[in-house]
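Reviewing the structure listed below.
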Amino acid sequence: MAFDLVLFGGTGDLTWRKLMPALFQAFRHGKLPAGGRILAVARDERSDDDYRAYIRDKFSGVEEAKQPSDEEYARFASLLHYRRMDLAQPEHYQGLKGWIDERGADTVVLFLATSPHLFPVICDQLGQAGLNAPHMRVVLEKPLGHDLASAQEINRVVRAAFREEQALRIDHYLGKPAVQNLMALRFGNALFEPLWRRESIANIQITLAESIGVGTRGDFYDRTGALRDMIQNHALQLLTILAMEPPSSNDADAIRDEKLKVLRSLKPFTRESIARDVVRGQYKAGTIDGRAVPGYLDEVKVPAGSRCETYVALRTEVQNWRWAGVPFLLRTGKRLPGRDAQIVVNFRPVPHPIFSGATRANKLVIKLQPEDGLELHLLAAKGAMAGEVLTPVFLDLDFEKTFASERVGGYERLLLDALAGRLNLFVRSDEQEQAWRWVEPILDAWAEDTVGPRPYVAGSWGPPAASALVARDGCVWAEEE
Ligand code: BG6
């Protein structure tokens, strides 16, 4: 299958930090379909060779095992091409079309790795230039809007040029192997399905913690905040996969229809429930890994007195027969103690304890980051003595070790799926809009609220109010057990 992959924003951060390393890994693993061309498009004038040298240089920032040797890079670089384009000029799109048509590839993927404010103009111009034929797909990377209206506007422009199945919205969490394993756990195994419901599950916690701060992205982050940056997309996507009904098949729309139903079943927020069930925080100076780090307000490009949240914890419910009343507890934050993304499914305790001492309920921990694995926590008896207190033990499955040599990175997987037209891991516009619809009341309430985010010390697990939030349901966050 000959393909053309066009990267708009070809000299930008996303291209050299994520896309090129992922494409190189796909190339190294022999997964990139033969006969492909990768065309980087950007504003300045350079030759193909200049561009190849530019990207070669950027590889020095990639972890060592993923760096190409000179010989490997020479072969990979032969796929790379460069083209200068002014994105507002129709004739530049005609030129691009000429370049693509001359070769007549079977598949053309147009990846918009640009600032999102350029999406409307690029989609519009692509449509007008006829760069929207059925074998062409457009890939859009978040942020896709900053509220429901702006997301709908982007979707309107995209839809004017491309059919829904030609528009691929990336949520890079869906590319993570751990997330695909969650689908496998739920729908490739019968074991958990009878327990996967309100009768057996006490609560579900989703934690997306990062120890990094906002770095040099202070201005972007300040317009975004943790709710838009992590909850509206990544955390809600995880929630949909956890809570969805088994789809009728592994087809993209069968899966996305079920995910959409979950989003539509989320308990809507009211002013009262926002005040009670949502906690927002902002980090103050503190210490992480023995190193002093500044507070959010002292980060570069953060406006003085900003009330942007760098932490969110919230409680919601999925209002259907399977989940009614089960708390879904979501949290994310910057400058927390570590990079730790995990889902904890807390099962209900035994109905009638016969062992003495405190009993602990079972839990299933689905680890996404830094390792990718599953832990099933059980209680066991060390010996068979009467009155013995049971000991917590766990079954530990480490996917990194199990599948060591076959792991495929998130962007590698998503790029290969985009080229192959496999849509399962891309977000459909109705899912994305429904997620905005659900978070929007929180954004509105915060805009009017005069109190602002609660402070938390960098290196802590967030504001104490987040513990109080879950305590109301008789729960604790995983690290408090
Ligand atoms: C991005 C957010 O979507 O996800 C970043 O914009 C965040 O703020 C990143 O750091 C986290 O991704 P990962 O894959 O490192 O968990």
Side-chain angles (χ1 to χ4, degrees), residues 3-15 18-19 37-43 82-101 105 107-172 174 220 223-224 228 232-233 252-253 256 411 414-415 417-419 421-423 425-436:
F3 70 87
D4 280 333
L5 170 63
V6 182
L7 302 174
F8 291 88
T11 52
D13 202 67
L14 178 64
T15 296
K18 303 274 193 195
L19 305 181
R37 295 188 301 183
I38 300 168
L39 176 70
V41 165
R43 230 177 334 205
Y82 181 84
R83 189 174 185 91
R84 188 186 90 79
M85 270 181 78
D86 177 341
L87 296 177
Q89 291 294 327
E91 58 277 17
H92 287 198
Y93 290 84
Q94 287 303 338
L96 173 63
K97 184 165 189 293
W99 186 85
I100 290 172
D101 286 352
T107 298
V108 177
V109 171
L110 306 152
F111 196 122
L112 309 194
T114 61
S115 160
H117 78 273
L118 295 169
F119 293 173
V121 64
I122 302 176
C123 286
D124 187 40
Q125 294 284 352
L126 288 172
Q128 289 191 33
L131 283 164
N132 57 352
H135 68 297
M136 298 181 173
R137 293 178 203 115
V138 66
V139 180
L140 306 145
E141 174 78 49
K142 87 179 246 288
L144 291 166
H146 56 272
D147 57 10
L148 178 61
S150 54
Q152 283 174 327
E153 176 55 18
I154 294 177
N155 286 335
R156 189 188 64 72
V157 180
V158 173
R159 250 183 242 126
F162 295 93
R163 293 198 315 271
E164 178 70 40
E165 63 275 19
Q166 289 177 283
L168 279 51
R169 293 170 196 78
I170 285 197
D171 181 311
H172 79 278
L174 295 185
F220 157 78
R223 280 181 270 123
T224 309
R228 290 185 174 101
Q232 186 271 345
N233 33 65
D253 279 332
R256 298 188 296 183
Y411 270 100
L414 292 172
L415 282 161
D417 280 6
L419 290 172
R422 280 189 299 264
L423 306 187
L425 300 180
F426 297 95
V427 180
R428 214 167 53 187
S429 60
D430 47 6
E431 285 180 79
Q432 180 217 354
E433 290 181 12
Q434 188 59 31
W436 277 118

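Residue numbers run from 1 in the order of the sequence given.
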Under the side-chain contact (heavy atoms from CB on, under 4.5 Å) rule, collect the residues that match up with [X], sequence neighbours excluded.
X	value
Arg137	Thr107, Val109, Leu168
Ala149	Asp147
Pro116	Phe119, Pro143
Arg43	none

Using the test side-chain hydrogen bond (donor to acceptor under 3.5 Å, both in side chains), find all partners of [X] that sit at least two apart in sequence or belong to another chain.
X	value
Gln434	Arg437
Arg256	Asp253
Gln152	none

Among Glu141, Lys18, His172, side-chain hydrogen bond (donor to acceptor under 3.5 Å, both in side chains) partner for Tyr411: Glu141
Check: Thr114 side chain, Gly9 main-chain N or O, donor-acceptor pair, under 3.5 Å: no
Is there a donor-acceptor pair under 3.5 Å between the side chain of His92 and the backbone N or O of Asp86? yes
Can you tell me how far the [atom1] atom of [X] sits from the [atom2] atom of [Y], to the nearest 0.5 Å?
X	Y	atom1	atom2	value
Gln89	Gln94	CD	CD	12.0 Å
Gln125	Glu91	CD	CD	9.0 Å
Met136	Arg163	CE	CZ	12.5 Å
Leu19	Ile38	CG	CD1	10.0 Å

Where do Gln166 and Val138 land on the side-chain contact (heavy atoms from CB on, under 4.5 Å) test, with the steps shown first? CA-CA 6 Å; Gln166 289 177 283; Val138 66; 5.6 Å; no
Who pairs with [X] by salt bridge (Lys or Arg N to Asp or Glu O under 4.0 Å), at least two apart in sequence or on another chain?
X	value
Asp101	Lys97
Lys142	Asp229
Arg83	none
Asp171	none

For residues [X] and [Y], report the shortest heavy-atom separation together with the two atoms involved.
X	Y	answer
Gly127	Ala161	CA-CB, 3.8 Å
Ile154	Leu144	CD1-C, 3.9 Å
Leu131	Leu110	O-CD1, 3.5 Å
Tyr93	Ile122	OH-CA, 3.7 Å
Glu164	Ser429	OE1-OG, 2.8 Å
Arg228	Gln232	O-CB, 4.1 Å

Would you say Leu39 and Asp4 make side-chain contact, with heavy atoms under 4.5 Å? no
Check the pair Phe111 / Leu14 against side-chain contact (heavy atoms from CB on, under 4.5 Å), numbers first and verdict last. CA-CA 11 Å; Phe111 196 122; Leu14 178 64; 4.1 Å; yes
Indicate whether any N or O donor in one side chain lies under 3.5 Å from an N or O acceptor in the other, for Asn233 and Arg169. no
Does the pair Asn155 and Gln432 meet the rule for a side-chain contact (heavy atoms from CB on, under 4.5 Å), with working shown? CA-CA 10 Å; Asn155 286 335; Gln432 180 217 354; 3.1 Å; yes
Which residues satisfy the ring-ring contact (aromatic ring centres under 6.0 Å, His included) test with Tyr82, sequence neighbours excluded? Tyr51
Which residue, Val6, Ile170, Asp417, Leu419, forms the side chain to side chain contact (heavy atoms under 4.5 Å, CB included) with Val139? Ile170
Looking at Leu112, Asp124, Leu140, which hits side chain to side chain contact (heavy atoms under 4.5 Å, CB included) with Val158? Leu140
